[in-house]
Amino acid sequence: MSQSVRFWWSGRAGVAALLLVAGISGCSGGGGARAEQRRPVGDTAVTAAPPAPSGPRATIPAEASAPEDGQWTRPARDYASTRYSALDQINAGNVAELRVAATFSTGVLRGQEAAPIVVNNTMYVITPFPNFVYALDLTQPGLPVKWTYKPKPMAAAQGVACCDVVNRGVVYADGKIILNTLDNHTIAVDAVTGHELWRTRVGDINLGESLTMAPLVVKDKVLVGNSGGEFGVRGWLTALDLNTGKLAWRAWGTGPDKDVLIGPRFHPFYAKDRGTDLGVSSWPGDMWKIGGAGAWGWISYDPALNLVYYGTSNPGPWNPAQRPGDNKWSITLFARDPETGEAVWAYQITPHDLHDYDGINESILLDVPWHGQTRHVLLRPERNGYLYMIDRGTGEVLYANPFGYINSTTGVDLRTGRLQYAADKEPELGKVVRDICPAAPGVKDWQPSSFSPRTGYLYIPHQNLCMDVESVEASYVAGTPFVGMNVKMKAGPGGHRGELTAWDPVAGKPAWVIKEDLPVWSGTVATGGDLVFYGTMDGWFKAIDARSGRELWRFKTGSGIIGQPVTYRGPDGKQYVAVLSGVGGWSGGIVAGDLDARDSSAALGFVNAMKDLRARSTKGGTLYVFALP
């Protein structure tokens, strides 16, 4: 990385003058670590759990599942986004014998959030900026490189990456590897040779846009969405033709109905989401043109309904006083026709966002026994702290129950679908509001959950953080930070900063909870061997019993783990587990971005909660592959 490149989120030690204009300095006054105990959730002291339920349990819809062929062709593995593999050679009885089978250095020491992809005895790994793609030969000892693709993104793109220069993975489809680059290009390369087949520019870094999400291919469409909610971008989800890369459709996250692709097929369940051109009228003046609502997270697909599901990000700026109204369609769950982009229904999860509770998290498609019938639902562990179970055909919220500690809101009105805010936790201009829980990254951020049909549990990696905030006026300048909020994060109740929660969708509550000292910023994977794998920010890769939550194995990698573990069958018939190690992302910026621990405002206040991380993890960029002896 060029020494001239500085990251805007580096607080006073970086581009301080710019940050002060945007309102990202430290909160005035002091602030203790106390968090108000308004709504404690569950029992985080759980150390043992009953067996998984033997009665009715949630199942994966057959149409949205993936055959167990030993491969891992997309980050979520299947369209239902379960991140489940039926492979069971590695199981609770022998996982203690797991050993390192191979390693590979990516050569890039930034946050490694991607999932390795495995197709036709080849593993594909993408790095953070500069977004190298490596094809590794699984038929040979040591995983030799078959080819390397270097897209050469513009260095200036690093300056508009809000939360590290991460990339969340590639996808395989029709003999192609599809990737996104930080500077807003979506690219297809030949999976066998690495030869570039097409390259399409979909965004503009001069407007603050970047691409960090993993694409999803549905039929002949490549779906991608932009990042940049802290830069005053106008969000979108875009479909490209798989064979040519040409634009098929674009659905904007704000603006008039014709831009949002809202037409005669659009039938929201709740009255609050009905009306004409709400993407304009719910904003003051032309603020919708710089209102955020990007689509930088996860997308799921139901082939039976022919609908894709995804959520949009925060409205801009963070200062809510500058944008009165519901600010549609920010933090909204959309169901769209993948071929035309037409919206079929939408549900705004967090109207008039107060705390940066983006709605980009994964939607896990399940069929759930509910009040004597089977409901076709999606489960969303939201950043605002509620686990939503939603009918995926209509958008009706069946329940919205807390899965972490919350005092910023008091619940979701199931009659109206509206989130209820706690008045004493609303930001005010020039006033420090303390102990807002959860903090801006939410109870859970982008890190994906997994589901096991064997246990019926959803395995949610998440954090336990609170924050103090102070609203300030933000001014918009294209391509620069547009935030308007001073933030200092800290550990939540109990003093620990992370949790792994096993959620029972039928009961609508946690089955057991594991507390971790640091945020659990990695994904999880569930297997047919009744195991769940995840990583910690100080570098431990762990296997736990999927039924009880008991830790069965751990291995210390060279750096903190924020990547997505996967499992696959090798050409030798053995089961392997793979994960990228390399701390970074928003949570690990103090290490990956060399941020000053004395600057509590750095990384939008996350550094204040992670001052000890530099002593517990160094930078990294290594792939680890594990197998039984």
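Sequential numbering from 1 along the given sequence is applied to the chain's residues. Worth knowing before you read on, the calculation uses all heavy atoms, side chains too, and leaves out hydrogens, waters and symmetry mates.
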Query raised in the report: Does the side chain of R168 come within less than 4.5 Å of P75's, by heavy atoms?
Result: no
**Report entry** Side chains of N131 and L182 in contact at under 4.5 Å (non-hydrogen atoms)
**Finding:** yes
Requested in this report: Taking the six-membered ring of Y568 (Phe, Tyr or Trp), confirm whether the NZ or CZ of R77 is under 6.0 Å from its centre and within 45° of its axis.
Outcome: no
Requested in this report: With sequence neighbours left out, write down each residue that passes ring-ring contact (aromatic ring centres under 6.0 Å, His included) with Y388, or none if nothing qualifies.
Outcome: none
Query - Heavy-atom pair of closest approach, residues I349 and N384 - result: CG2-ND2, 3.6 Å
Query raised in the report: Any donor-acceptor pair under 3.5 Å linking the side chain of D391 with the backbone of G393?
Result: yes
**Report entry** Set of ring-ring contact (aromatic ring centres under 6.0 Å, His included) partners for Y357, sequence neighbours left out
**Finding:** H355
Query raised in the report: Would W586 and L604 satisfy side chain to side chain contact (heavy atoms under 4.5 Å, CB included), going step by step from the backbone distance to the final call?
Result: CA-CA 9 Å; W586 190 7; L604 292 169; 4.0 Å; yes
Requested in this report: For a side-chain contact (heavy atoms from CB on, under 4.5 Å) with I178, tell me which candidate from L240, V189, V217, I187 qualifies.
Outcome: V217
Query raised in the report: Parallel, tilted or perpendicular for W329 and F266, by the 30°/60° rule?
Result: perpendicular
Query raised in the report: Strictly by modelled atom types, are S282 and N327 linked by a side-chain donor-acceptor pair under 3.5 Å?
Result: no
Report task. Run the numbers on W345 and D273 for side chain to side chain contact (heavy atoms under 4.5 Å, CB included), then give the verdict. Result -> CA-CA 9 Å; W345 59 259; D273 298 319; over 6 Å; no
Query raised in the report: What heavy-atom pair brings D164 and A592 nearest, and what distance separates the two atoms?
Result: OD2-CB, 3.9 Å
Query - Test side chain to side chain contact (heavy atoms under 4.5 Å, CB included) applied to K289 and T254, step by step - result: CA-CA 7 Å; K289 295 180 179 179; T254 64; over 6 Å; no
Requested in this report: State, without any angle test, whether R83 and Y459 hold a side-chain donor-acceptor pair at a distance under 3.5 Å.
Outcome: no
Requested in this report: Step by step, work out the side chain to side chain contact (heavy atoms under 4.5 Å, CB included) result for L143 and L138.
Outcome: CA-CA 6 Å; L143 309 183; L138 299 181; 3.5 Å; yes
Query raised in the report: Does the side chain of L307 come within less than 4.5 Å of R392's, by heavy atoms?
Result: no
Requested in this report: Apply ring-ring contact (aromatic ring centres under 6.0 Å, His included) to Y84 and list each qualifying residue two or more places apart in sequence or on a separate chain.
Outcome: none
Query raised in the report: Can you tell me if N184 and E209 form a side-chain donor-acceptor pair at under 3.5 Å?
Result: no
Report summary line: Between P116 and V125 the two heavy atoms that sit nearest each other are CB-CG2, 4.3 Å
Query raised in the report: Considering residues at least two apart in sequence or located in another chain, which fulfil the salt bridge (charged side-chain N to carboxylate O under 4.0 Å, His left out) criterion with E382?
Result: R380
Query - Test ring-ring contact (aromatic ring centres under 6.0 Å, His included) applied to W147 - qualifying residues, sequence neighbours left out - result: Y124
**Report entry** Any side-chain donor near an acceptor of the partner, W198 and D241, under 3.5 Å
**Finding:** no
Query raised in the report: Taking all atoms of both residues into account, what is the closest heavy-atom pair of G316 and W283, and its distance?
Result: O-CZ3, 3.9 Å
Query raised in the report: Under the criterion side chain to side chain donor-acceptor pair (under 3.5 Å), which of D356, T350, N361 is the partner of R383?
Result: D356
Requested in this report: Measure from NZ or CZ of R234 to the centre of the six-membered ring of W236 and say whether it is under 6.0 Å with the direction within 45° of the ring axis.
Outcome: no
Query raised in the report: Any side-chain heavy atom of N167 within less than 4.5 Å of one from T127?
Result: no
Query raised in the report: Does the side chain of T181 come under 3.5 Å of the side chain of D183 through a donor N or O and an acceptor N or O?
Result: yes
**Report entry** Sidechain-backbone polar pair: S363 side chain, S300 backbone, donor-acceptor under 3.5 Å
**Finding:** no
Query raised in the report: Would you call the rings of F533 and F541 parallel, tilted or perpendicular, where under 30° means parallel and over 60° means perpendicular?
Result: parallel
Report task. Locate the shortest heavy-atom distance separating W296 from S313; write the atom from each residue and the value. Result -> NE1-CB, 3.4 Å
**Report entry** salt bridge (charged side-chain N to carboxylate O under 4.0 Å, His left out) involving D174 - partner list, sequence neighbours excluded
**Finding:** K176
Report summary line: On a heavy-atom basis, the closest approach of P338 and N306 is CD-O, 3.1 Å
Query raised in the report: Going by atom types only, do W318 and E230 share a side-chain donor-acceptor pair under 3.5 Å?
Result: yes
